[in-house]
Amino acid sequence: MTPVTEAALASKLTDRINRIEPSATLAVVNEAEKLRQQGIDVVDFGAGEPHFPTPQHIKDAAIAAIQGNFTKYTAVGGTAELRDAIVHRHAVDFDSDYRREEAIACVGGKHAIFNAIQVLVDHGDEVILPVPYWVSFKDIVRYAGGDCVFLEADESQGFRVTTKMIDRLVTPRTKLIILNSPCNPSGAVMSPEDMIEVVRLAHERGIWVISDECYVYLNYTDKRFSVGSLREFRERMIIVGSLSKTYAMTGWRLGYALAPAAVTSAMQKLQSQSTSNPTSITQKAAIAGLRGPQQCVADMRAEYIKLRDHVINGLRAIPGVKCTLPQGAFYAYPNLSAFLGRSGINSASDLAGRLLREAHVATVPGEGFGTRDHIRVSYATSIAELDRGLERLRKFLASL
Ligand SMILES: Cc1ncc(COP(=O)(O)O)c(C=O)c1O
């Protein structure tokens, strides 16, 4: 028999797997890693994760869990102790009143979003997704058979999303609106007023809302806010949180959702047929994070604000670069449209690719987030690394 090509085999896989693409951010991480393996000194603005280590008391709790043989299966949606800790933290910080049954622990915030979308979105349903969007939303919706309806956020107003903009896109097929504030990649933060209006509209029209609040503790305005505090609109709302960014725990894989019990139990049913429980040891570490001292969160936030100011000043000082001021998360999203069309560079992907290969700075091109004129710069690194990368970027852009 003649051997079958990889492409021919791929075409025999399911429609649903062929509807989606690999995560654009992971692609950059891989390419930068290849250069590093060749001994090339790459400045990494690509990775979407804190540069801080996990706080010691959280690590200690994990070590104690191992020593204490807390190494068996647990309840699928997390132990009662963990779910209570999730509910408690949210109640203290955002004045919410969720019950244990309304909380589910998952293998990261991404997993919580995946489960929620599979539970809420059917074939042909429309999902309103503000642009720029975090890479995975679009593909997870497509995997569920849904159609994304893209809403262009207003860059001139710091990528603002308003009810009016959403209202125009609602049709009888609209099933879900996805909010992500603070936003990856733009760093935009919705005002509580704008968020309340959107949630109210969704409630009135019977539309679900997923509020991805994975960066809720990295909000640099003085109005930290979760829609979970809006008790009267909770019926249609899924809050997604994560310990990844809050406690510098990306590798541990612990996220959660707070939602009506009918939703969390459906998510649990799905999870029971895929991953089962999040790692038992991670669950103990998560409890230490959620119940322990919160000063580490405040300290990291203060550091990110310094880094944000440094990188934005640096980017804005480069001739031709425009950049909105991110109000949260740890990304800058500079607009590089002034350089497109120069020296054979016709897209953000061309630009990010050449920037990586020629100047050895890793960034993520905007196409993965639904925009053509931007690259995403993660500033979760040291001031010295920021300076090295900014200098390389400045020289590279000047050479075009
Ligand atoms: C907006 C957003 N949501 C969710 C996630 C998922 O994070 P995790 O699965 O590590 O909790 C990320 C990670 O980068 C993110 O940026």
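Counting starts at 1 for both ligands and their atoms, following the listed order.
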**Prompt:** When you look at S337 and N335, which way does the side chain to side chain donor-acceptor pair (under 3.5 Å) test go after all the steps?
**Reply:** CA-CA 6 Å; S337 52; N335 182 317; 2.7 Å; yes

**Request:** Let me see the working for D167 and R205 under salt bridge (charged side-chain N to carboxylate O under 4.0 Å, His left out), right down to the final yes or no.
**Result:** CA-CA 10 Å; D167 202 11; R205 308 278 182 92; 2.7 Å; yes

**Request:** Mark up the atoms of ligand 1 that fall under 4.0 Å of a heavy atom belonging to N180, in ascending order.
**Result:** 1 (C)

**Request:** Mark up the atoms of ligand 1 that fall under 4.0 Å of a heavy atom belonging to C214, in ascending order.
**Result:** 3 (N), 4 (C)

**Message:** Checking Y333 against T371: is there a side-chain donor and acceptor pair closer than 3.5 Å?
**Reply:** yes

**Message:** Strictly below 4.0 Å, N to O, side chains only: are E101 and R83 in salt-bridge contact?
**Reply:** no

**Polar contact flag for G109 and ligand 1 (N/O pairs, less than 3.5 Å)** = yes

**Prompt:** Would V209 end up clustered with L129 when hydrophobic side chains under 4.5 Å apart are linked, directly or stepwise?
**Reply:** no

**Message:** Between S349 and E367, do the side chains contain a donor N or O and an acceptor N or O under 3.5 Å apart?
**Reply:** yes

**Message:** Looking only at side-chain N and O atoms, does S226 offer a donor or acceptor that is under 3.5 Å from a partner on E213?
**Reply:** yes

**Asked** What protein heavy atom sits nearest atom 9 (O) of ligand 1, and how far off is it?
**Response** R253 NH2, 2.8 Å

**Message:** Below 4.0 Å from ligand 1: does a non-hydrogen atom of T250 turn up there or not?
**Reply:** no

**Request:** Any chance you could measure F137, atom CZ, to N180, atom CG, to the nearest 0.5 Å?
**Result:** 4.5 Å

**Fill in**
Counting from 1 in the order shown, the ligand 1 atoms closer than 4.0 Å to a non-hydrogen atom of S242 are 8 (P), 11 (O)

**Asked** What residue and atom, counting heavy atoms only, is the protein's closest point to atom 6 (C) of ligand 1, and at what distance?
**Response** K110 N, 3.6 Å

**Request:** Please confirm whether R89 makes a cation-pi placement over F94, using NZ or CZ under 6.0 Å from the six-membered ring centre and within 45° of the ring normal.
**Result:** no

**Request:** Would you mind running through ligand 1 and noting each atom that sits below 4.0 Å from a heavy atom of G108?
**Result:** 9 (O), 11 (O)

**Message:** Counting only nitrogen or oxygen atoms and a 3.5 angstrom limit, does Y215 reach ligand 1?
**Reply:** yes

**Request:** Identify the protein heavy atom lying closest to atom 14 (O) of ligand 1, giving its residue, its atom name and the separation to 0.1 Å.
**Result:** K245 NZ, 2.7 Å

**Message:** Which residue and atom name correspond to the protein heavy atom nearest atom 2 (C) of ligand 1, and how close is it?
**Reply:** D212 OD2, 3.3 Å

**Request:** Look at atom 5 (C) of ligand 1 and say which protein heavy atom is nearest, naming residue and atom and giving the distance to 0.1 Å.
**Result:** W134 CZ2, 3.4 Å

**Complete:** Note: ligand 1 atoms sitting under 4.0 Å from heavy atoms of S244 are 8 (P), 10 (O), 11 (O)

